[in-house]
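These numbers come from the heavy atoms of this one structure, side chains and all, not from hydrogens, waters or symmetry mates. Residue numbers begin at 1 in each chain, while the letters A, B, ... track the order of the sequences.
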Number of protein chains: 2
Amino acid sequence: MTKDLYSIPDIIMSRLPVYYQHLKKLKESNKTYVSSEELAKLTGFSSSLIRKDLSYFGTFGRKSYGYDIFCLFQQIRIIMGFNYNKKIILIGAGHLGQALAYNKGYIERGYKLTAVFDKNPKLIGLVINDLEIKSISDLENYLSENKVDAAILTVPEAAAQKTADRLVAAGIKAIWSFAEVPIKVPADVLVEEQLINEGLCKLSVKMNQPRINKSEVEEDFDCEQK
Amino acid sequence: MTKDLYSIPDIIMSRLPVYYQHLKKLKESNKTYVSSEELAKLTGFSSSLIRKDLSYFGTFGRKSYGYDIFCLFQQIRIIMGFNYNKKIILIGAGHLGQALAYNKGYIERGYKLTAVFDKNPKLIGLVINDLEIKSISDLENYLSENKVDAAILTVPEAAAQKTADRLVAAGIKAIWSFAEVPIKVPADVLVEEQLINEGLCKLSVKMNQPRINKSEVEEDFDCEQK
DNA sequence: TAAATATTGTTAAAAAAATAACATATCCTA
DNA sequence: TAGGATATGTTATTTTTTTAACAATATTTA
């Protein structure tokens, strides 16, 4: 493969996890091959789009057969970097943080959760999913002694930026942030913002559409402008 | 507003929660107006795009001033349906379910979490965030006696489709699903799929890009095809 | 082995989305 | 009150993304 992959288009990247999930399921069936048409039925994307997406990365299919499920699954894992081992830590062991500590998704994606930190003395020392919650004051010390590839940020809104600054200062280059508003980091640090309530918003918008269509919306919110 | 809004383009819809978050923050500052240029700095979208997005819904700005923060915030709330009261229930009180039971995001978006269900007898009766966990066997009964607008689905993968079927049969028209693979529902039911590990995938892909560029990828995964 | 069938990978066309440009309107200052 | 500055809303242009079409090729069937 000679193509420069430095920047996979976001739109393609956003579909990779969907392909991954379906191939994972298919792998457990007794089928060996899957066609773009079948994948289209499963994913909701058009077969044409699927073939195009895959061809961006290489030539994986077999004419008149389709794609070898296991092989394609492996390819996508490699493209997504799942075959590469990464260590990740979690900062903030509140309700969401704890749920993420029990998340089963790390291993198959090449992550190992190696430490959990919190500020709350009542939480420090507790064990969640075999990891003892450490004091956030040990963060820098821990990071100087352990190579860590990424951090999950689930601290309260008010502490998010400060904590991110500490992570960056200690050398962390990738952050999965659950802060509600973007945190600022240097250009060489990756941040994946996760608006936890985005799905709730989308659902609300969609539920609301019939209502919005019926009424002359302006009246509702004449904001006494000007 | 005469424009038919029946289907807000997904791409615009996906930016609404971002505008919402920033306006919420701005509202707490001492500023009254914000320009598309300032919003661009905050959100990372271009000012042109922001003006275009907003103009899709109406004319909210004020020449040479910008947008009235509070007014725009209200408008976006109305577009997203946050001003409309909705009742939502949660099915599956595992780690993720519990975290979502404590989620602070419902109220401001017009949702009220009114019940939590689980199958596990050890959980039934426990109280999380002031709600006593009910037995899943009471689901149909509850739904026949209480008007509910949406359901959060956080049951284990294996139970997801069956549970969704029950919800649909009981009249639920909107589901926020955390199942890893799409659940099948009739056309008149809204489903918002939430791949909880999508952010983790994206982070992994991005971390992986420099590595993928360096190597001739094919070699890595010669799947002995054919 | 030849014809019919299936399905890819790619090219061409269409549609959608983003950006740039600008006319217009309002505000501010002198 | 005239002129410069500001920032919207919209139109034009460019770019990106998706869909459609199809040639190429492998498989299956007769």
Open item on the list: ring-ring contact (aromatic ring centres under 6.0 Å, His included) for A:Tyr65 and A:Tyr33? Distances and angles first, verdict last.
Closed with: CA-CA 7 Å; A:Tyr65 248 76; A:Tyr33 283 83; 4.7 Å; yes
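- Among residues at least two apart or in separate chains, side chain to side chain donor-acceptor pair (under 3.5 Å) pairs with a member in residues 189-198 of chain A are A:Trp176-A:Gln194, A:Glu192-B:Lys206, A:Asn197-B:Asn103.
- When all heavy atoms of B:Leu16 and B:Ile76 are compared, the pair lying nearest together is O-CG2, 4.2 Å.
- B:Lys24 has a carboxylate O that lies under 4.0 Å from a charged side-chain N of B:Glu108, or vice versa, which qualifies the two as a salt bridge.
- Under the salt bridge (Lys or Arg N to Asp or Glu O under 4.0 Å) criterion, B:Asp188 pairs with B:Lys173, not counting sequence neighbours.
- The side chain of B:Tyr67 places an N or O atom within less than 4.0 Å of a non-bridging phosphate oxygen (OP1 or OP2) of D:dG9.
- In this structure, the CG atom of A:Asp68 is 15 Å from the P atom of C:dT7, given to the nearest Å.
- Applying the ring pair (Phe, Tyr, Trp, His ring centres under 6.0 Å) definition to pairs two or more places apart or across chains, those involving residues 74-93 of chain B are B:Tyr20-B:Phe82.
- With sequence neighbours left out, the ring pair (Phe, Tyr, Trp, His ring centres under 6.0 Å) criterion links A:Phe45 to A:Tyr19.
- If you measure from atom CD1 of A:Ile8 to atom C1' of D:dT17, you get 16 Å, rounded to the nearest angstrom.
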Provide a list of protein-nucleic acid N or O atom pairs under 3.5 angstrom, restricted to nucleotides 2-6 of chain D.
none

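- With sequence neighbours excluded, no residue forms a salt bridge (Lys or Arg N to Asp or Glu O under 4.0 Å) with A:Glu37.
- Rounded to whole Å, atom P of C:dA20 lies 11 Å from atom CG of B:Leu49.
- Between the side chain of B:Gln98 and the backbone N or O of B:Ala93 there is at least one donor-acceptor pair closer than 3.5 Å.
- One can place CD1 of A:Ile50 at 15 Å from C1' of D:dT17, the figure rounded to the nearest angstrom.
- Spacing between atom CD1 of A:Ile11 and atom P of D:dT15 amounts to 19 Å, rounded to whole angstrom units.
- Atom-to-atom, CD1 of B:Ile12 to P of C:dA18 comes out at 8 Å; the value is rounded to the nearest Å.
- Within the cation-pi definition used here (under 6.0 Å to the ring centroid, within 45° of the axis), B:Arg109 does not qualify as a partner of B:Tyr111.
- Contact annotation: A:Arg62 side-chain N/O to D:dT25 OP1/OP2 distance is not under 4.0 Å.
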Check the interface with nucleotides 10-14 of chain C: list each N/O to N/O pair with the protein under 3.5 Å, or write none.
none

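- Checked by atom type and distance alone, the side chain of A:Asp53 never pairs as donor or acceptor with a backbone atom of A:Ile12 at under 3.5 Å.
- With sequence neighbours excluded, the residues satisfying ring pair (Phe, Tyr, Trp, His ring centres under 6.0 Å) with B:His95 are A:Tyr102.
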Distance-only criterion, 3.5 Å: show the donor-acceptor pairs between side-chain atoms of residues 155-165 of chain A and protein atoms not counting sequence neighbours.
{"unit_1": "A:Glu157", "atom_1": "OE1", "unit_2": "A:Glu180", "atom_2": "N", "d": "2.9"}
{"unit_1": "A:Gln161", "atom_1": "OE1", "unit_2": "A:Lys184", "atom_2": "N", "d": "2.8"}
{"unit_1": "A:Gln161", "atom_1": "NE2", "unit_2": "A:Asp165", "atom_2": "OD1", "d": "2.8"}
{"unit_1": "A:Gln161", "atom_1": "NE2", "unit_2": "A:Lys184", "atom_2": "O", "d": "3.0"}
{"unit_1": "A:Thr163", "atom_1": "OG1", "unit_2": "A:Ala159", "atom_2": "O", "d": "2.6"}

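- A:Lys147 pairs by the side-chain hydrogen bond (donor to acceptor under 3.5 Å, both in side chains) definition with A:Asp149, not counting sequence neighbours.
- For the contact set between residues 16-23 of chain B and DNA chain C, defined by any heavy atom under 4.0 Å, there are no members.
- Atom C1' of nucleotide D:dT17 and atom CE of A:Met13 are separated by 15 Å, given to the nearest angstrom.
- Interface residues of residues 35-46 of chain B facing DNA chain D, ordered by number: B:Ser35, B:Ser36; criterion, heavy-atom separation under 4.0 Å.
- Across the protein-nucleic acid pair, B:Asp53 atom CG and C:dA18 atom C1' stand 10 Å apart, rounded to whole Å.
- Regarding contacts with the backbone of D:dT17, every side-chain N or O of A:Arg15 stays at 4.0 angstrom or more from both OP1 and OP2.
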